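The structure appears right after this line, and notes come after that.
Small disclaimer: the values here were computed from a predicted structure and weren't measured. Values below: every heavy atom of this structure, side chains too, minus hydrogens, waters and symmetry copies.
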Amino acid sequence: MIVEDDEKIRQIVADTLRKWQYEVIEVFSFEQILDEFVTAQPHLVLMDVNLPMYDGFYWCQQIRSVSKVPIIFLSSRNQNMDVIMAINMGADDYVQKPFDLGVLVAKVSALLRRNYTYQDESLQIAHRQLVFHLSNSSIQYGEQTAELTRNEFIILQTMMRNIGKIVSRDDLMQVLWNDEQFMDDNTLTVNVNRLRRKVTLLGLKDFIVTRKGMGYIIE
């Protein structure tokens, strides 16, 4: 659920999240946000601070009175007191504008993983007959399967959401960093190579291709 009165920002964020296959609810009326929240029952809220009528801090308190749903503040206000107030009001994170969309998606993904357990076997991504089961962090090719570590899961998910596009090493490290996994350049190499080996052992070669000086791509 996106509570943002800047139409351009709201639309960009909504389109990006939908690209990642999230169901998005956009709030257009800012007078009865709690009522809309109760009706929609979203799994996460992106909340602007500066809103018409009442600010985001007020609506965060209202939502917290009925729900423990994750809340991420989006704000151009960068004073430490604003961040402290947001956290004290019950927010889970505070993202300052302008923000990187990839970082925002990573934060949304991390919060959802920490707060919900998905059991739906339909949560999967498939490409070149490799099936990536998000529900149990495993990959399958034909009759062969392999389990992924947390870092391998995040790397493969990021790359399979960007099939046909080069994903830079910096982007991968940023996603892992925002999922609270410290990652340096050498450790990233080890994780990518381990992931490649698992896919190759299943019988699928050259699934993750290195583009020297640029990053990695799944074509």
Side-chain angles (χ1 to χ4, degrees), residues 1-120 122-125 134-135 154 157-158 161-162 165 171 174-180:
M1 179 174 176
I2 303 176
V3 186
E4 166 64 68
D5 64 333
D6 186 309
E7 183 178 353
K8 184 176 180 180
I9 294 176
R10 184 180 67 244
Q11 194 60 59
I12 291 173
V13 172
D15 289 346
T16 300
L17 290 171
R18 289 187 178 111
K19 174 184 174 184
W20 283 72
Q21 299 182 11
Y22 289 108
E23 181 181 353
V24 178
I25 301 162
E26 299 178 58
V27 173
F28 299 99
S29 174
F30 302 96
E31 298 178 359
Q32 301 295 332
I33 292 174
L34 182 61
D35 291 343
E36 291 203 35
F37 172 85
V38 172
T39 300
Q41 291 294 302
H43 291 98
L44 182 143
V45 177
L46 295 175
M47 177 78 71
D48 188 17
V49 172
N50 295 321
L51 294 169
M53 300 293 292
Y54 301 101
D55 64 19
F57 297 133
Y58 171 83
W59 291 116
C60 180
Q61 281 187 306
Q62 294 296 302
I63 291 172
R64 276 288 168 264
S65 69
V66 298
S67 173
K68 295 182 179 180
V69 67
I71 298 174
I72 299 177
F73 270 111
L74 307 176
S75 178
S76 56
R77 291 159 61 167
N78 58 7
Q79 298 298 314
N80 288 339
M81 186 53 65
D82 291 317
V83 180
I84 293 171
M85 185 179 300
I87 301 302
N88 286 340
M89 292 290 183
D92 296 88
D93 207 340
Y94 190 99
V95 178
Q96 294 181 5
K97 301 175 184 175
F99 49 80
D100 181 274
L101 288 168
V103 172
L104 180 62
V105 171
K107 287 178 177 290
V108 168
S109 178
L111 268 177
L112 290 175
R113 280 198 302 275
R114 284 200 295 268
N115 284 271
Y116 304 100
T117 301
Y118 294 106
Q119 301 298 332
D120 186 354
S122 66
L123 287 175
Q124 60 187 37
I125 309 173
L134 303 178
S135 56
I154 295 169
Q157 183 185 44
T158 302
R161 296 294 190 191
N162 290 277
K165 299 179 182 178
D171 286 341
Q174 184 70 61
V175 171
L176 288 157
W177 177 263
N178 281 286
D179 196 61
E180 301 180 354

Can you find a heavy atom in the side chain of H43 that is under 4.5 Å from one in the side chain of E23? no

Apply salt bridge (Lys or Arg N to Asp or Glu O under 4.0 Å) to residues R10 and D48 and explain how you reach the verdict. CA-CA 10 Å; R10 184 180 67 244; D48 188 17; over 6 Å; no

Quick one: does E4's side chain get under 4.5 Å of L46's, heavy atoms only? no

Residue pair P70 / D92: nearest heavy atoms and the distance that separates them: CA-OD1, 3.1 Å

Measure the CD1-CG distance between I25 and L17 for me, rounded to the nearest 0.5 Å. 12.0 Å

Separation between OG of S75 and NZ of K97, rounded to the nearest 0.5 Å: 6.5 Å

Given side-chain contact (heavy atoms from CB on, under 4.5 Å), test R64 with V69 step by step and report yes or no. CA-CA 8 Å; R64 276 288 168 264; V69 67; 4.3 Å; yes

Do L112 and Y22 touch side chain to side chain, with heavy atoms closer than 4.5 Å? yes

Between atom CD1 of I9 and atom CG of L101, what is the distance when rounded to the nearest 0.5 Å? 10.0 Å

I'd like to check M53 versus F30 (side-chain heavy atoms, cut-off strictly below 4.5 Å). Are they in contact? no

More than 12 non-hydrogen atoms from neighbouring residues, nucleotides or ligands closer than 6.0 Å to OH on Y58, yes or no? yes

Between L44 and L111, is any pair of side-chain heavy atoms under 4.5 Å apart? yes

For a quick test of reading the model, state the closest non-hydrogen atom pair linking I154 to T158 and the distance between them. O-OG1, 2.8 Å

Are the side chains of K19 and D15 in touch, meaning some heavy atoms are under 4.5 Å apart? no

What is the distance from atom CD of Q61 to atom CD1 of I71, rounded to the nearest 0.5 Å? 10.5 Å

Give, for atom OH of Y94 and atom CG of D82, the distance between the pair rounded to the nearest 0.5 Å. 4.5 Å

Looking at every heavy atom in both E36 and S29, which two are closest together, and how far apart are they? OE2-O, 3.4 Å

Answer whether the closest heavy-atom distance between the side chains of P52 and D5 falls below 4.5 Å. yes

Does CG in N80 sit with more than 12 non-hydrogen atoms of other residues, nucleotides or ligands closer than 6.0 Å? no

Tell me, with the steps shown, if V3 and W59 meet side-chain contact (heavy atoms from CB on, under 4.5 Å). CA-CA 10 Å; V3 186; W59 291 116; 5.7 Å; no

If every non-hydrogen atom of C60 is compared with every non-hydrogen atom of A91, which pair is closest and at what distance? SG-N, 4.0 Å

Closest approach of W20 to R161 (non-hydrogen atoms, all atoms of both residues): CZ3-CG, 3.1 Å

Looking only at atom types and distance, does a side-chain atom of T39 sit under 3.5 Å from a main-chain N or O of D35, one as donor and one as acceptor? yes

Rounded at 0.5 Å granularity, tell me how far CG in N162 sits from CG in D171. 8.5 Å

Heavy-atom neighbours of E7 CD exceed 12 at 6.0 Å: no

Considering the options I63, I2, D55, which one meets the side-chain contact (heavy atoms from CB on, under 4.5 Å) requirement together with M47? I63

With side chains defined as the heavy atoms from C-beta onward, is the minimum distance between Q62 and I33 less than 4.5 Å? no

